Amino acid sequence: MALAPRLELRQGQALVMTPQLQQAIKLLQLSNLELAEFVEQELERNPLLEASAAEPDVTDRTLDTREAENDFQPATSSETALTLTDDGPLPGRDGDLDTGYENVYADESRSDAANDAAAEAPGPQGSDWQNLKTGSGGAGGDGEFSLEATLTRETTLGEHLTEQLNMAIKDDRQRMIGAYLIDQVNEAGYITTDISELAEKLGAELAEVERVLKTLQTFDPAGICARSLKECLAIQLRERDRLDPTMQIFLDHLELFARRDFELLMKLCGADREDIASMVEDIRGCNPKPGLAFGGEPVVPVIPDVFVRQRADGSWAIELNSETLPRVLVNQQYYAEVSKFSADPKAKAYLSECLNTANWLVKSLDQRARTILKVASEIVRQQDAFLVHGIQHLRPLNLKTVADAISMHESTVSRVTANKYIATPRGIFEMKYFFTSSIASSEGGEAHSAEAVRHRIRDLIEAELPDAVLSDDNIVDILKRSGIDIARRTVAKYREAMNIPSSVQRRRDKRAYA
């Protein structure tokens with residue numbers, strides 16, 4: 001068989017996102033602070049972009065959730081969505097600007113591979129827009145390499161604690177409580193808000209919140225998440241095996257140590273001067289502000305992207321936080337005047353590129369706001385029971401459920417819920433915290449939230465008597481009679497995740513304390 005070169009014409013289908021669409025998607029997953037910084041850079045770079053002092057028209061959606069708990073109704077009213085554009089139509093807006101988030105296809109790995117070539121193509125404003133795709137700023141506006149952009153930042157205290165939380169706690173509901181507590185930790189590493197108030201906001205039992213807090217207090221650095229100086233020192237001394245009853249009395253009277261009233265301390269502790277000096281040395285070896293070890297950057301307060309409040313009639317009002325929304329518009333008059341009197345082809349080409357980029361940014365910001373609001377509204381509709389009754393009523397929810405409900409792709413919903421916060425009557429939560437796993441119903445009804453099932457298991461175990469300790473099989477039978485289809489190994493896994501010993505060990509413990 002002879003080998004020879006030849007030309008063949010083949011027809012095939014391939015979906016490749018334009019660089020503009022790729023960059024619009026990247027805008028979607030930026031936090032409000034990152035977005036504000038990005039827009040500020042574009043205002044400096046693009047002469048046709050201007051900051052608008054006018055308040056944007058922020059959408060206020062109302063969700064009627066007064067119907068049956070399992071029958072969530074669509075929004076009863078929806079006003080005009082956020083508009084960040086000027087009054088007149090923008091040239092090229094409907095033709096060249098590809099920012100349709102709904103066009104993202106299902107196979108993320110294939111999309112990344114298929115668009116490598118497109119990503120290398122120059123998008124709006126050249127290489128600076130490519131920096132948005134990679135999340136870096138390796139090149140400046142002139143295309144030169146920026147050494148500062150390659151520097152890494154220190155891990156924040158919140159990130160350090162969250163990483164340990166994800167490893168230490170597997171229970172979704174307890175992890176949500178832990179994340180909420182971590183948000184309350186100040187720069188010094190203390191939680192100053194009353195725990196009972198936090199439990200009331202979450203709609204959780206005080207004992208459960210305190211159990212999660214005790215777990216957080218075992219994290220690094222030692223002494224973190226304490227509620228007072230005495231507790232902070234006690235955590236560190238306990239870790240060193242120095243918290244004996246005498247030391248506890250010393251900590252209970254720290255004010256005497258501050259006044260250097262060692263005579264009274266010796267009397268209260270029943271210790272001599274040498275023992276007191278030894279305890280003082282141990283205390284001086286502790287860190288009274290453990291959080292400052294991560295003090296390279298100031299603690300940034302969480303700013304919600306969406307506000308949720310309940311109206312008098314029981315419906316939910318969902319609105320975007322207008323304070324975090326960049327307000328920009330395109331100066332078409334300046335573009336028209338310069339284009340009219342400029343004869344330089346390069347100048348006209350540059351202005352045309354600036355106009356296309358400005359139009360793209362305005363449209364992308366508008367669609368980003370619409371998408372965030374749409375996803376937040378569906379989350380509120382799905383998790384209405386949590387907002388009304390508390391964390392034990394958190395519904396099972398996944399990305400696909402929300403994506404199908406609002407006719408978007410799962411990857412878009414995933415990007416929206418990353419780094420976005422929603423302020424509710426029960427506190428401020430990251431949107432991704434509302435997604436939890438589910439347990440099937442044995443009666444063919446609605447699935448049960450895994451958190452609710454864990455809560456039920458804990459209640460059953462806490463209510464058991466010393467002579468009637470429930471085995472895992474007993475718990476399975478009780479749950480199935482109440483309509484929860486669960487396997488024995490799942491009960492054992494949940495029990496172990498909550499640090500609850502086996503029935504044999506519990507029986508021994510209960511008899512020992514009886």
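Note that this is a predicted model, so its numbers are computed, not measured.
Of all heavy-atom pairs spanning Lys170 and Ala497, the tightest one is CB-CB, 4.3 Å. Scanning both residues, Ile235 and Ala226, for their nearest heavy atoms gives CD1-CB, 4.2 Å. Among all heavy-atom pairs drawn from Asn287 and Cys232, the shortest one is O-SG, 3.7 Å. The two residues Tyr335 and Leu351 have their closest heavy-atom pair at CE1-O, 3.8 Å. Smallest separation of non-hydrogen atoms from Ile169 and Gln174: CG2-CB, 3.7 Å.
Applying side-chain contact (heavy atoms from CB on, under 4.5 Å) to Leu49 and the options Leu43, Val39, Asn359 leaves one that passes, Leu43.
Judged as a side chain to side chain contact (heavy atoms under 4.5 Å, CB included), and not counting sequence neighbours, the contacts of Glu410 are Leu399, Lys400, Ala403. Checked against side-chain hydrogen bond (donor to acceptor under 3.5 Å, both in side chains), Thr162 has no partners two or more places apart in sequence or in another chain. Residues passing the side-chain hydrogen bond (donor to acceptor under 3.5 Å, both in side chains) test with Glu50 are Asn331, sequence neighbours excluded. Under the side chain to side chain contact (heavy atoms under 4.5 Å, CB included) criterion, Gln184 pairs with Tyr180, Ile191, Thr193, Leu198, not counting sequence neighbours. Qualifying side chain to side chain contact (heavy atoms under 4.5 Å, CB included) partners for Ala336, counting only residues two or more places apart in sequence or in other chains: none. The side-chain hydrogen bond (donor to acceptor under 3.5 Å, both in side chains) check on Glu8 picks up Arg6, Arg10, with sequence neighbours excluded. Residues satisfying the side chain to side chain contact (heavy atoms under 4.5 Å, CB included) criterion with Ser228, sequence neighbours excluded, are Lys230, Glu231. Applying the side-chain hydrogen bond (donor to acceptor under 3.5 Å, both in side chains) criterion to Glu337, with sequence neighbours excluded, gives Gln333.
A distance of 5.5 Å separates CG of Leu397 from OG1 of Thr401, quoted to the nearest 0.5 Å. Separating the CG atom in Leu181 from the CG atom in Leu202 is a distance of 7.5 Å, to the nearest 0.5 Å. The CZ atom of Arg175 sits 11.0 Å away from the CE atom of Met167 when rounded to the nearest 0.5 Å.
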Derivation of the side chain to side chain contact (heavy atoms under 4.5 Å, CB included) call for Glu42 and Val328: CA-CA 10 Å; Glu42 289 309 305; Val328 296; over 6 Å; no
Do Asp172 and Phe435 pass the side chain to side chain contact (heavy atoms under 4.5 Å, CB included) test, and can you show the C-alpha distance, the side-chain angles, and the key distance before you say yes or no? CA-CA 9 Å; Asp172 290 338; Phe435 295 92; over 6 Å; no
Test Ile224 against Leu157 for side chain to side chain contact (heavy atoms under 4.5 Å, CB included), laying out the working first. CA-CA 10 Å; Ile224 203 68; Leu157 176 60; 3.9 Å; yes
For ring pair (Phe, Tyr, Trp, His ring centres under 6.0 Å), just list the numbers for Tyr433 and Phe386, CA-CA rounded to whole Å, side-chain angles, deciding distance to a tenth of an Å, and then say yes or no. CA-CA 12 Å; Tyr433 292 150; Phe386 161 74; over 10 Å; no
Leu161 and Phe294: side chain to side chain contact (heavy atoms under 4.5 Å, CB included), yes or no, with the steps? CA-CA 11 Å; Leu161 295 177; Phe294 297 82; over 6 Å; no
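Between the Ser352 side chain and the Lys348 main chain, no donor and acceptor come within less than 3.5 Å of each other. Between the side chain of Arg309 and the backbone N or O of Ala317, no donor-acceptor pair lies under 3.5 Å. The backbone N or O of Thr357 sits nowhere less than 3.5 Å from a side-chain atom of Asn46 that would complete a donor-acceptor pair. A distance-only check finds a donor-acceptor pair linking the side chain of Thr417 to the backbone of Val413 [under 3.5 Å]. Remark: the backbone N or O of Cys225 is paired with a side-chain donor or acceptor of Gln217 at under 3.5 angstrom. In this structure a side-chain-to-backbone donor-acceptor pair under 3.5 Å is present from Gln383 to Arg395. Using modelled atom types, one side-chain atom of Gln164 and one backbone atom of His160 make a donor-acceptor pair closer than 3.5 Å.
Salt-bridge check for Glu378 with Arg381: passed, with a basic side-chain N closer than 4.0 Å to an acidic carboxylate O.
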Contacts table for residues 418-425: side-chain donor-acceptor under 3.5 angstrom, sequence neighbours left out:
from   : atom 1 : to     : atom 2 : distance (Å)
Asn419 : ND2    : Gln29  : O      : 3.4
Lys420 : NZ     : Leu28  : O      : 2.8
Lys420 : NZ     : Leu30  : O      : 3.1
Lys420 : NZ     : Ala418 : O      : 3.1
Thr424 : OG1    : Arg426 : N      : 3.1
Thr424 : OG1    : Gly427 : N      : 3.4
Thr424 : OG1    : Gly427 : O      : 2.9

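In this structure the side chain of Asn321 never reaches within 4.5 angstrom of the side chain of Asp305, judged on heavy atoms.
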